[in-house]
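Chain identifiers are assigned alphabetically (A, B, ...) following the order of the sequence lines, protein sequences preceding nucleic acid strands; residue numbering begins at 1 within each chain.
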Number of protein chains: 2
Amino acid sequence: MVTIRDVAAEAGVSVATVSRVLNNKGYVHEDTLRKVQQAIEKLNYSPNEVARSLFKRQSKLVGLLLPDITNPFFPELARGVEDELQKQDFRLLFGNSDENPEKEQAYIETFLQNQVVGIISATQTSGMFNQEQPAVPTVFLDRTHEGRYTVYADGREGGKIAARELVRRGSRNITVLKGPGHISPVQDRFLGAVEVLAASSVDFQVIQMASLTYEEAEERAKELFRQYPATDGILASNDMTAAAVLHEALRIGKAIPEEVQIIGFDDIPMSRLLFPSLSTIKQPVYEMGKQAAQLLLKLIKKEEVAEQIIQLPVSFVERNTTRKVKADG
Amino acid sequence: MVTIRDVAAEAGVSVATVSRVLNNKGYVHEDTLRKVQQAIEKLNYSPNEVARSLFKRQSKLVGLLLPDITNPFFPELARGVEDELQKQDFRLLFGNSDENPEKEQAYIETFLQNQVVGIISATQTSGMFNQEQPAVPTVFLDRTHEGRYTVYADGREGGKIAARELVRRGSRNITVLKGPGHISPVQDRFLGAVEVLAASSVDFQVIQMASLTYEEAEERAKELFRQYPATDGILASNDMTAAAVLHEALRIGKAIPEEVQIIGFDDIPMSRLLFPSLSTIKQPVYEMGKQAAQLLLKLIKKEEVAEQIIQLPVSFVERNTTRKVKADG
DNA sequence: TTGAAAGCGTTACCAC
DNA sequence: GTGGTAACGCTTTCAA
């Protein structure tokens with residue numbers, strides 16, 4: 001391993017000088033500069049980040065905590081975060097918590113032990129965060145936490161839009177699939193939907209799910225069609241569950257969207273590839289990741305941040321699990 | 001920040017002693033042990049990994065380089081890697097290279113600067129790796145590299161199986177969509193398929209794609225049906241392109257699988273949710289990630305490793321883009 | 001069984 | 001403009 005000492009020796013200067021050119025701060029003569037640069041080149045030197053981090057008590061690393069990268073909602077989030085951080089030469093320390101408090105705790109602890117400059121977390125449990133203010137700037141992503149920096153999409157409005165679209169397109173007996181209540185975005189969209197439905201004149205009922213897995217959604221969908229055969233509109237908690245419902249509906253011979261309309265939530269990549277392609281509420285996922293990273297960067301640099309909570313808009317994506325409607329007017 | 005010094009002071013011992021209990025190596029009296037543990041508890045001390053890494057010239061970090069986590073093939077790979085490493089308290093430094101040599105170079109450099117103990121790379125370009133043996137144990141995943149530790153699935157055999165299944169199920173005019181030749185697994189499956197087709201009595205043609213994007217596949221699919229209207233069987237480079245072909249086929253009114261059969265490759269999560277659900281060649285993706293991590297762990301610990309290359313088997317997943325065939329016999 | 005001290009590779013302060 | 005050196009928090013000799 002070649003160190004700053006070797007470079008100094010090679011260039012015939014002190015380590016202090018080499019350090020100065022490395023960080024280009026402080027005076028250094030042009031000739032000296034050249035000598036040092038040549039030495040660096042010659043020895044193929046590259047500074048040891050660990051030593052730097054130790055001295056500065058802060059690394060160029062950011063901790064990213066996700067529930068599960070395998071859930072198709074998250075890869076784009078992660079990408080948004082990474083692309084933004086990468087531009088400023090920050091790197092990602094990455095972990096999946098499975099919403100398991102112990103795992104989460106363990107990851108956060110090692111993030112901190114590795115002296116990350118900041119943390120972005122898309123988890124809800126946040127056992128650690130709840131206890132105390134974390135030692136480094138932290139931004140929550142997709143999940144809201146009272147009094148914390150947060151970037152998320154307007155799930156409430158999304159739920160409303162979904163419900164309105166379903167009603168507007170003619171559903172008169174709607175079933176809402178309600179996801180786990182402790183996941184804030186899931187709860188928000190549910191509340192939004194119910195708010196609109198309650199104020200409308202359509203019949204509706206709610207089926208509670210304990211998870212958002214495809215498998216459970218399949219079960220619930222069976223139940224749904226058995227229990228509420230008159231249902232002609234379904235609001236799913238997310239696209240994955242919508243896919244399960246869609247398949248079950250097709251399996252038992254329902255015409256989609258003629259007999260039953262379905263609206264999902266998220267707009268994950270697969271949604272447009274389903275058949276019929278899935279109408280859904282789109283979250284600006286990449287943008288959310290990006291904005292979370294930007295916010296964190298500001299926090300790290302102690303720049304002024306206008307607001308603690310950034311809420312991004314969602315939008316209805318009309319595809320083929322909802323009926324067409326005449327142009328408004 | 002509470003340091004080992006604080007703990008030592010609190011416990012009334014030297015830092016050396018605290019270090020000994022931390023790493024439980026060397027003699028330490030039972031009473032002393034207790035005192036130190038209490039001090040640690042009381043001060044809520046947790047050792048600084050950065051300082052450790054600096055001294056040991058080696059961290060508890062592993063670099064994971066992926067082309068793009070947004071490509072649905074990779075999340076499960078990453079998960080396999082992470083789950084395995086996490087058990088042994090290693091953490092992941094994570095980056096997407098987009099198969100861009102500069103990005104890749106930059107990531108690897110920072111991995112090394114952060115003194116990772118090892119690297120797992122699923123990239124093909126590997127500008128850096130090609131030059132010289134990297135400074136730390138490195139395992140290639142999904143992509144093969146001459147003379148390097150590698151974990152991958154048997155794409156060649158997969159290509160053969162796919163071709164055989166298509167022929168066996170009655171396709172007589174087959175189009176092979178060939179992905180970018182520089183990506184080894186993609187090339188392997190192509191070669192396997194062609195090998196079987198060439199030895200068979202069916203007609204076949206090849207369409208070359210410059211990428212594996214859905215968008216390009218859509219274009220090529222249009223071309224395909226225009227140029228080779230007699231095609232009754234399609235071998236796609238992966239499931240994503242298969243999905244595009246499937247949609248285009250449906251759009252122009254082809255009956256699937258009656259008029260045209262399609263087989264994908266990978267078995268990404270969406271494949272079973274397509275309509276008709278996609279027959280494909282399944283790669284044991286999670287397992288691949290896991291094995292790569294296990295291999296790297298062995299390398300790190302300088303344990304004996306039986307072989308440099310681990311090849312995992314693939315399998316045909318029969319779904320509904322291929323015709324049923326009577327039981328063999 | 002314990003402690004003093006050197007050293008891991010940097011940076012930043014202070015002299016010159 | 002430049003260099004010497006303490007310090008970052010830890011581990012590991014080595015001596016006691």
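Between B:E49 atom CD and D:dG9 atom C1' there is a gap of 11 Å when expressed in whole angstrom units. For the pair A:Q115 CD and C:dT10 C1', the computed distance is 13 Å after rounding to whole Å. Across the protein-nucleic acid pair, B:Y45 atom OH and D:dG9 atom P stand 10 Å apart, rounded to whole Å. Nucleotide C:dG9 holds its P atom 14 Å from the CG atom of A:L43, rounded to whole Å. In this structure, CZ of A:R5 is placed 10 Å from P of D:dG4, rounded to the nearest angstrom. Residue B:N23 contributes atom CG, which lies 9 Å from atom C1' of D:dC10 at whole-angstrom precision. As rounded to whole Å, 22 Å separates atom P of D:dA7 from atom CZ of A:R52. Atom pair A:K25:NZ and C:dT11:C1' shows a separation of 8 Å (rounding to whole Å applied).
Residue B:D188 holds its CG atom at 6.5 Å from OH of B:Y152, rounded to the nearest 0.5 Å.
Looking at the side chain of A:S19, the nearest of the listed nucleotides C:dG9, D:dC10, C:dT11 is C:dT11. Considering only side-chain atoms of A:A16, the nucleotide from D:dT2, C:dA12, C:dT2 that sits closest is C:dA12.
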Would you please test A:V81 and A:L296 for side chain to side chain contact (heavy atoms under 4.5 Å, CB included) and show each step? CA-CA 10 Å; A:V81 169; A:L296 185 68; over 6 Å; no
Where do B:R143 and B:E99 land on the salt bridge (Lys or Arg N to Asp or Glu O under 4.0 Å) test, with the steps shown first? CA-CA 12 Å; B:R143 310 291 162 94; B:E99 299 278 13; 2.4 Å; yes
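For the pair B:V15 and A:S14, nearest-nucleotide mapping onto DNA chain D gives the more 5' position to A:S14. Mapped onto DNA chain C by nearest heavy atom, A:K56 and B:R57 fall at different nucleotides, with B:R57 at the one closer to the 5' end. In terms of position on DNA chain C, the residue among B:F55 and B:G26 whose nearest nucleotide sits closer to the 5' end is B:G26.
The pair A:D83-A:K87 does not count as a salt bridge, with every side-chain nitrogen at least 4.0 angstrom from each carboxylate oxygen. Between A:E49 and A:R52 there is a salt bridge, since a side-chain N of the basic residue sits under 4.0 Å from a carboxylate O of the acidic one. Electrostatic pairing of B:D89 and B:K60 does not count as a salt bridge here, judged by no charged N lying under 4.0 Å from a carboxylate O.
Phosphate contact (OP1/OP2 of C:dC8, side-chain N/O of A:N48, threshold under 4.0 Å): absent. OP1 or OP2 of C:dG3 lies within a sub-4.0 Å distance of a side-chain N or O belonging to B:T17. When the side-chain nitrogen and oxygen atoms of A:Y27 are compared with OP1 and OP2 of D:dG3, none of them lie within a distance under 4.0 Å.
For the segment residues 29-42 of chain B, residues with any heavy atom less than 4.0 angstrom from an atom of DNA chain C are, sorted by number, B:H29, B:T32.
Note that A:R91 lies in the cation-pi zone of B:Y107, set by a 6.0 Å cut-off to the ring centre and a 45° limit from the axis.
Heavy atoms of A:V13 sit under 4.0 angstrom from primed sugar atoms or phosphate atoms, though from no base atom. Within the nucleic acid shown, B:T3 comes within 4.0 Å of sugar-phosphate atoms alone, with no base atom in reach, counting heavy atoms only.
For the residue pair B:Q58/B:Q115, the side-chain donor-acceptor check at 3.5 Å is not satisfied.
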